[in-house]
2 protein chains.
Amino acid sequence: MDALTINEAAETSGWTPRMLRYIEELGLVEPPRSSGGYRLYGPGELQRLRTLRELLDRFDLGLGDVGFARRMQRDDALRTVVEGWLEAEPARPEHVPADDWLEWEQDKHERLLAEAARRDTTLTETP
Amino acid sequence: MDALTINEAAETSGWTPRMLRYIEELGLVEPPRSSGGYRLYGPGELQRLRTLRELLDRFDLGLGDVGFARRMQRDDALRTVVEGWLEAEPARPEHVPADDWLEWEQDKHERLLAEAARRDTTLTETP
DNA sequence: CAAACCTTGACAGAGCCGTGGTAAGGTTCC
DNA sequence: GGAACCTTACCACGGCTCTGTCAAGGTTTG
């Protein structure tokens, strides 16, 4: 019986029960449930909750930030497109004529977005 | 003279001038400046601004989300720790006794946070 | 079975985010 | 040199995030 109920978990982790429910809603820490529906926080969940707090304090993040990171990690299309966009940031290479560069950029993003679209439809189209 | 000034760039990109300044503030699109301080949007910046809009619409993101992704990409310590935290999420492996698993988890996070600290101090301590 | 706990759902407020506007002043260029 | 543009720096406001609290009802356990 080393699983804590929500109020106990709140006390040991430093979060409030309300926040524990919110954190679960964001998909960050999702404890298993008892047969009656009670959340059961085991050592793993408690550890995650403590390190989560450290993470937020240390880097001044919000729960939403970590939630977004989680989403990026799970959604291949999202991650690919965002990373593609960010990678295109560096200054224009001087050795490539501006026109060609633009064309290359456009092509690249079209490819990325097209790929994302393909995955979307692959996932959603179920006739 | 194929560099547009902020109002022209706003018109062609669909953003408002106010938003272009905000986007720059977030570090997402930082156009070079004229000698007098005017922002100069070249083809590359315009392309980035258009794809940024697409990106936000397509995945229902906020500018803050992309800003956070950018921060993660540039800050090694941040990326390492966040990814480490997220990777620890999967369910407890059944074949590892709970106590050992917890210990392993703690060690892992301590290592990650310690590494982050080391990088911080390496960067900030300049006696 | 009853006390003490848990559940979901709703409302509520403080604070931040995205956005617009405006003012005071500098730059460009005809 | 002056019209038209740009700069930064503020104030403002609707909406969303985070957090608390309460209500109505189900679960656990002595």
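Chain letters run A, B, ... following the sequence lines, proteins first and then strands; every chain starts at 1. Please read all numbers here as calculations on a predicted model, not as lab measurements.
- Remark: P of C:dG20 and CD of B:Glu25 are 14 Å apart, rounded to the nearest angstrom.
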Between the protein and nucleotides 12-15 of chain D, which nitrogen or oxygen pairs come in under 3.5 angstrom?
none

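- A pairwise comparison of heavy atoms in B:Phe68 and A:Ala69 identifies CE2-CB, 4.0 Å as the closest pair.
- Straight-line distance from the CG atom of A:Leu28 to the P atom of D:dT19: 12 Å, rounded to whole Å.
- Qualifying side chain to side chain donor-acceptor pair (under 3.5 Å) partners for B:Arg79, counting only residues two or more places apart in sequence or in other chains: B:Asp76.
- Atom P of nucleotide C:dC16 and atom CG of B:Asp65 are separated by 18 Å, given to the nearest angstrom.
- Listed by chain and residue number, nothing satisfies the salt bridge (Lys or Arg N to Asp or Glu O under 4.0 Å) test with A:Arg18 (two or more places apart in sequence, or in another chain).
- Under the rule for a side-chain contact (heavy atoms from CB on, under 4.5 Å), the partners of A:Leu56 that lie at least two apart in sequence or sit in another chain are A:Trp15, A:Leu52, A:Leu61, A:Leu63, A:Val66.
- With sequence neighbours left out, A:Glu24 forms a side chain to side chain donor-acceptor pair (under 3.5 Å) with A:Arg33, A:Arg39.
- A:Ile6 and A:Tyr38 are members of different hydrophobic clusters when ILVMFWY side chains are connected at heavy-atom separations under 4.5 Å.
- A straight line from CZ of A:Arg39 to P of D:dT28 spans 14 Å, rounded to a whole angstrom.
- Applying the side-chain contact (heavy atoms from CB on, under 4.5 Å) test to B:Ala9 and every residue at least two apart in sequence or in another chain returns B:Leu4, B:Leu20, B:Tyr41, B:Leu46.
- Comparing A:Glu8 and B:Gly62 along DNA chain C, the residue whose closest nucleotide (by nearest heavy atom) sits nearer the 5' end is A:Glu8.
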Scoring nucleotides 24-30 of chain C by protein non-hydrogen atoms under 4.0 Å (B base, S sugar-phosphate only, - none) yields --BBS--
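- Looking only at side-chain heavy atoms (C-beta outward), A:Leu40 and A:Ser34 come within less than 4.5 Å of each other.
- Per the geometry, CD belonging to B:Glu24 stands 15 Å off C1' belonging to D:dA9, to the nearest Å.
- With the nearest nucleotide of DNA chain D identified for both B:Arg21 and A:Trp15, B:Arg21 has the one nearer the 5' end.
- Using a 4.0 Å cut-off, some side-chain N or O of B:Thr16 falls inside it from OP1 or OP2 of C:dG20.
- Atom CD1 of A:Ile6 and atom P of C:dT8 are 8 Å apart (whole Å).
- With sequence neighbours left out, B:Arg71 forms a salt bridge (Lys or Arg N to Asp or Glu O under 4.0 Å) with no residue at all.
- For B:Arg33, the side-chain atoms get nearest to D:dT8 when compared with the rest of D:dT8, C:dC5, D:dT17.
- B:Leu63 places its CG atom 11 Å from the C1' atom of C:dT19, with the value rounded to the nearest Å.
- The side chain of A:Tyr22 sits closest to D:dT19 out of C:dC5, D:dT19, C:dC17.
- Rounded to a whole Å, the CG atom of A:Leu26 is 10 Å from the C1' atom of D:dC18.
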